[in-house]
Amino acid sequence: MTENTSPAADAPVEYKGPRVEIKTPGKITLTQVNEALAKVEDPELHVDIVTLELVYGITIDAENVTILMTLTSIACPYGPMLVGMVQQGLQAIPEMQKVDVQVTFDPPWKPSDDLKAMMGIL
């Protein structure tokens, strides 16, 4: 048996998804939220906002959800439309009471190398 001594084998695994906080468990599940967000497609890039790494945080508090997200740029012409699409997609979840979408540019969006490669821009 040979031992794997490659540097990659010892590298820590980096979680690239959004920060998730469940304050009060309720009828809304993280799976439902993730599925709803994955259906929201950036109108310009035609890729969903989860794959684009635009979602920074998900907070579930019983039947209320807060999303912390960014846009591809501060001057994104589709920003208000994208926020509305997120709200509408999450409101479609049965039992959803309140959806709060917060937009931040801290940190500014910077696509990962994996995302750049997928989009053909690496």
Side-chain angles (χ1 to χ4, degrees):
M1 179 187 287
T2 60
E3 194 174 313
N4 185 350
T5 57
S6 70
D10 296 329
V13 176
E14 183 181 328
Y15 175 66
K16 296 181 182 178
R19 175 192 52 78
V20 174
E21 179 181 4
I22 300 180
K23 288 185 174 183
T24 307
K27 295 179 182 175
I28 307 297
T29 67
L30 181 58
T31 299
Q32 289 173 302
V33 172
N34 281 330
E35 287 173 356
L37 292 173
K39 292 178 184 175
V40 178
E41 190 175 277
D42 182 287
E44 189 172 26
L45 299 174
H46 306 290
V47 178
D48 72 87
I49 63 171
V50 175
T51 301
L52 285 173
E53 303 165 358
L54 296 177
V55 180
Y56 290 168
I58 300 169
T59 302
I60 300 173
D61 189 1
E63 284 69 48
N64 305 305
V65 172
T66 301
I67 302 297
L68 180 64
M69 65 176 288
T70 194
L71 304 172
T72 55
S73 74
I74 291 175
C76 177
Y78 295 105
M81 181 176 157
L82 202 54
V83 168
M85 292 166 62
V86 170
Q87 289 172 327
Q88 185 177 21
L90 291 171
Q91 279 300 153
I93 297 173
E95 309 295 335
M96 182 67 71
Q97 295 296 312
K98 180 182 174 198
V99 175
D100 181 23
V101 180
Q102 301 172 359
V103 177
T104 185
F105 294 100
D106 184 25
W109 181 68
K110 182 181 177 201
S112 66
D113 288 344
D114 290 342
L115 181 57
K116 287 179 189 176
M118 183 198 83
M119 296 173 61
I121 57 174
L122 184 63

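From a predicted model like this one, the values you see are computed outputs, not experimental measurements.
Counting only distance, with no hydrogens or angles, the side chain of Asp42 and the backbone of Val47 share no donor-acceptor pair below 3.5 Å. Using a distance-only test at 3.5 Å, with no hydrogens or angles considered, a donor-acceptor pair links the side chain of Glu53 to the main chain of Ser112. The closest donor-acceptor contact from the side chain of Gln87 to the backbone of Val99 lies at 3.5 Å or more, if one exists at all. Thr104 contributes no side-chain N or O that, together with a main-chain N or O of Thr70, makes up a donor-acceptor pair within less than 3.5 Å.
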Would you check, one step at a time, whether the test side-chain contact (heavy atoms from CB on, under 4.5 Å) holds for Met119 with Leu52? CA-CA 10 Å; Met119 296 173 61; Leu52 285 173; 4.0 Å; yes
side-chain contact (heavy atoms from CB on, under 4.5 Å) evaluation trace for Thr51 with Met118: CA-CA 10 Å; Thr51 301; Met118 183 198 83; 3.7 Å; yes
side-chain contact (heavy atoms from CB on, under 4.5 Å) between Met69 and Leu82, intermediate numbers included: CA-CA 10 Å; Met69 65 176 288; Leu82 202 54; 4.2 Å; yes
For side-chain contact (heavy atoms from CB on, under 4.5 Å), just list the numbers for Asp100 and Asn64, CA-CA rounded to whole Å, side-chain angles, deciding distance to a tenth of an Å, and then say yes or no. CA-CA 8 Å; Asp100 181 23; Asn64 305 305; over 6 Å; no
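At least one side-chain heavy atom of Met81 sits under 4.5 Å from a side-chain heavy atom of Pro43. When side chains are defined from C-beta on, Val86 counts as touching Leu37, because their heavy atoms get closer than 4.5 Å. Under the 4.5 Å side-chain criterion, counting only non-hydrogen atoms from C-beta, Thr31 is not in contact with Asn34.
Taking all atoms of both residues into account, the shortest heavy-atom contact from Gln97 to Gln91 is O-OE1, 3.9 Å. Heavy-atom minimum distance, Ala38 versus Asp48: O-CB, 3.1 Å. For Thr66 against Gln102, the heavy-atom pair with the smallest separation is CG2-NE2, 3.7 Å. Nearest heavy-atom pair, Glu63 versus Lys27, reported as atom, atom and distance to 0.1 Å: OE2-N, 2.7 Å. Pairing each heavy atom of Ala36 with each of Leu90, the nearest pair is CB-CD2, 3.8 Å. The two atoms that bring Pro18 and Ile58 nearest to each other are CG-CD1, 3.9 Å, heavy atoms only.
Separating the CD atom in Glu95 from the CD1 atom in Ile28 is a distance of 6.5 Å, to the nearest 0.5 Å. Remark: Leu54 CG to Leu68 CG distance equals 11.5 Å, nearest 0.5 Å. Distance check, rounded to the nearest 0.5 Å: CD1 of Ile60 to NZ of Lys23 gives 12.0 Å. Note that OG1 of Thr59 is 7.5 Å distant from CD1 of Ile67, once rounded to the nearest 0.5 Å.
By the salt bridge (Lys or Arg N to Asp or Glu O under 4.0 Å) test, Glu21 pairs with Arg19, sequence neighbours left out.
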